[in-house]
Number of protein chains: 2
Amino acid sequence: MDKQNAIAALSALAQEARLDIFRLLVRAGPDGLAAGQLAECLGLPPATLSFHLKELRHAGLVSFQRESRSLIYSAEFTSMNALLAYLTENCCQGDATTCAAGLCDGTNFVKPKSQKPA
Amino acid sequence: MDKQNAIAALSALAQEARLDIFRLLVRAGPDGLAAGQLAECLGLPPATLSFHLKELRHAGLVSFQRESRSLIYSAEFTSMNALLAYLTENCCQGDATTCAAGLCDGTNFVKPKSQKPA
DNA sequence: TCTATAATTCCATAATATTAAAAATATGGA
DNA sequence: TCCATATTTTTAATATTATGGAATTATAGA
């Protein structure tokens with residue numbers, strides 16, 4: 001995950017309709033949901049939903065596969081996890097003992113490379 | 001963390017200057033950095049930096065305290081963690097066994113309430 | 001091929017966010 | 001009090017993003 005990927009992912013999630021879509025897909029798990037089901041669950045016009053799905057796709061947060069006439073969307077858990085890791089990278093210079101309230105001590109979220117001094 | 005808080009936090013982070021500021025503060029840890037140091041590190045004009053710091057403050061991602069003429073900003077690790085938890089809430093309907101690649105099994109990020117079926 | 005369904009793309013309009021100069025505010029020291 | 005430093009607020013121009021109707025593309029079945 002580089003900075004531009006992270007900004008794309010954060011921008012994609014920083015909007016009510018897209019956050020709703022993404023969280024619905026996170027809850028749905030690997031089986032995903034069809035675009036039509038998303039539109040119905042969230043009460044969005046098809047053109048609006050499609051615009052938001054494109055944003056999420058471009059950010060790498062969702063993918064889809066066609067199944068007959070439906071497009072089945074699902075959350076990309078790997079990208080989500082990479083984003084969470086990026087946000088906390090090098091927290092407190094990699095030194096958990098200086099970290100406020102133990103929030104970056106490695107037990108709470110994935111740390112990419114722990115870069116401890118030798 | 002409710003939806004509006006999450007959108008505020010994601011919007012705040014979804015912008016290059018603010019993501020840079022926030023990550024610098026995450027790296028700096030609890031001691032934080034003065035606004036002037038941030039401006040110098042990132043090459044931002046004071047008015048621009050101040051605008052972005054206000055956004056981060058309103059989103060609850062940073063706080064500051066005055067120290068003589070300087071305002072020392074630091075990352076709010078608690079809010080950051082709450083955001084990460086919100087994004088993965090109810091992943092795969094709380095059932096880690098259905099989760100793609102083991103990415104929502106509780107070892108990678110904080111799960112708020114694990115809501116397993118009885 | 002014709003029709004229905006599922007979803008997307010195109011487009012114009014509306015709404016929101018970013019930038020940074022200039023002015024204002026707060027602090028500390030002479 | 002006066003001046004320098006540190007930072008914020010105001011403001012206006014600029015740029016980016018969201019919305020949804022209408023047209024379009026893709027699939028499946030009769």
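Naming: A, B, ... by sequence-line order, numbering from 1 per chain. All values reported here derive from a predicted model rather than from experimental measurement.
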- Note on the structure: Under a 4.0 Å heavy-atom criterion, the protein footprint on nucleotides 23-30 of chain C, written with B, S and -, is ----BS--
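- Across the protein-nucleic acid pair, B:L56 atom CG and C:dT18 atom C1' stand 14 Å apart, rounded to whole Å.
- Rounded to an integer number of Å, the gap from CG of A:L10 to P of D:dT17 is 14 Å.
- Across all strands, B:A34 comes closer than 4.0 Å only to sugar-phosphate atoms, never to a base (heavy-atom distances).
- Of the candidates A:L25, A:D20, A:L71, A:L38 forms a side-chain contact (heavy atoms from CB on, under 4.5 Å) with just one, namely A:L25.
- For B:H52 and C:dT19, the shortest distance from a side-chain N or O to OP1 or OP2 is below 4.0 Å.
- Nearest nucleotide to the B:P45 side chain, out of C:dA20, D:dA18, C:dT18: C:dA20.
- Axis deviation across the helix from C:dT1-D:dA30 to C:dA30-D:dT1 amounts to 20°, comparing end segments of five pairs, rounded to 10 degrees.
- Across all strands, B:S70 comes closer than 4.0 Å only to sugar-phosphate atoms, never to a base (heavy-atom distances).
- Listed candidates were D:dT8, C:dT9, D:dT19. Nearest to the side chain of A:S50 is C:dT9.
- With D:dT7, C:dT18, C:dA7 as the choices, the nucleotide that has an atom nearest any side-chain atom of B:P46 turns out to be D:dT7.
- For B:Q15 and C:dT19, the shortest distance from a side-chain N or O to OP1 or OP2 is below 4.0 Å.
- Residue B:Y73 is classed as a sugar-phosphate contact, given heavy-atom separations below 4.0 Å to backbone atoms only.
- Between B:F51 atom CZ and C:dA17 atom P there is a gap of 8 Å when expressed in whole angstrom units.
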